[in-house]
Protein chains: 2
Amino acid sequence: MTKINDETLRTFVGYHLKRSFNVIQSDLIETLRPFDLRMLTYSALVLIVDNPGLNQSRLSQIMDIERPNLVVIIDELEERELITRERVPTDRRSYALHPTEAGHALYRETLDAVTQHEAKLLSGIAPEQLEQMIATLKLIESAKKGQA
Amino acid sequence: MTKINDETLRTFVGYHLKRSFNVIQSDLIETLRPFDLRMLTYSALVLIVDNPGLNQSRLSQIMDIERPNLVVIIDELEERELITRERVPTDRRSYALHPTEAGHALYRETLDAVTQHEAKLLSGIAPEQLEQMIATLKLIESAKKGQA
DNA sequence: TAATATTGTTATGCATAATAACATAAATCA
DNA sequence: TGATTTATGTTATTATGCATAACAATATTA
């Protein structure tokens, strides 16, 4: 059981980001499993509840995924009757996405679960420390190519 | 161009982690492309150079991936003659992984490139701020289920 | 009106990641 | 010792995430 040296990779911020995100992600996946939601379907549901009426194009932009990939996500949410696709009269190309009552209900349930998942996982870390980290993460996020 | 509200998701640390990692990841992918390396093949190469003689089992553990997924990565590095697989006399089940001279050379080249990629991307952020963030990320990483 | 752009969609491919099942070899134990 | 269990590497398979090309329908613009 010799120790492995990953000091070289540890010099990279991205390596730390990936490893810590993996920890949160795997716990989140387990948290969402009972609701039969994946991370992307969950994110989409939350954004549709919080922004009723938005279309798929805008949603794919905020979710940072390509439009084709969003189609299957929306298909799944619609099949499960968590959201509806409604033709927009003023622009008949696009669909307005709205949550159903079931969608709202699932939103509330999962919000509780996910909030508790993070609270439990991050319980050993001071809130101010997390806030500081989030501030730094926002800086990185805004360093997107083309913006920098 | 109405603004989308993602305040609910912004309450989650994991959301910030994912978004900022995506920024670094997409730039890293472009950085590695000229060397015909993906993130995983790159990580494996670095770890083999820094830990010559380790076997696939240990490598998959440190890389946090399943052994079957490592096989194809090692296959690729071996085919490109960046590493070698050598039978271990004392344990004939396992292979000792060693970098070739070409592996060493590519390691040095890519280390420079990746270092510059991060330096450029994170140039607007104070080093102390990044160090603080890394400290917090390490705390999250150690919050792994079973350890907590 | 003609050319261009946008929205949603299908098809496709690559990369990442997980599991089951297996052969070989080592370790354990009884 | 021999029988059982464990570890290592492998193949096959599947699910998921993410990107691009090509397209029909509709809007926009020049």
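All chains are named by letter (A, B, ...) in the order of the sequence lines, taking the proteins before the strands, and each is independently numbered beginning at 1.
Mapped onto DNA chain D by nearest heavy atom, A:Gln25 and B:Gln56 fall at different nucleotides, with B:Gln56 at the one closer to the 5' end.
Residues satisfying the side-chain contact (heavy atoms from CB on, under 4.5 Å) test with A:Arg92, not counting sequence neighbours, are none. Residues meeting the side-chain contact (heavy atoms from CB on, under 4.5 Å) test with B:Asn51, sequence neighbours left out: A:Ile4, A:Asn5, B:Leu47, B:Leu54. Looking at residues two or more places apart in sequence or on another chain, you find a side-chain contact (heavy atoms from CB on, under 4.5 Å) between B:Pro68 and B:Glu66. Remark: A:Thr100 engages no residue in a side chain to side chain donor-acceptor pair (under 3.5 Å) (not counting sequence neighbours). With sequence neighbours excluded, no residue forms a side-chain contact (heavy atoms from CB on, under 4.5 Å) with B:Glu81. Contacts of A:Asp91 classified as side chain to side chain donor-acceptor pair (under 3.5 Å), with partners at least two apart in sequence or in another chain: A:Arg93.
Of all nucleotides in DNA chain C, those with any atom nearer than 4.0 Å to a heavy atom of chain A start and finish, going 5' to 3', at C:dT6 to C:dA17.
Heavy-atom distances under 4.0 Å link DNA chain C to B:Pro68, B:Asn69 of residues 68-85 of chain B, given in residue order. Residues from residues 87-94 of chain B placing a heavy atom under 4.0 Å of any atom in DNA chain D, listed by number, are B:Arg93, B:Ser94.
Summary for the helix from C:dT1-D:dA30 to C:dA30-D:dT1: the axes at its two ends, each from 5 pairs, differ by 20° when rounded to the nearest 10 degrees.
Rounding to whole angstrom units, CD of residue B:Glu66 and P of D:dT14 are separated by 18 Å.
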Donor-acceptor contacts under 3.5 Å from residues 32-40 of chain A side chains, at least two apart:
residue, atom, partner, partner atom, Å
A:Arg33, NE, A:Glu30, OE1, 3.2
A:Arg33, NH2, A:Glu30, OE2, 2.8
A:Arg38, NH2, A:Glu76, OE1, 2.7

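For residues 9-23 of chain B, the pairs satisfying salt bridge (charged side-chain N to carboxylate O under 4.0 Å, His left out) are A:Asp64-B:Arg19, A:Glu141-B:Arg10, A:Glu141-B:Arg19, B:Asp6-B:Arg10, with sequence neighbours left out.
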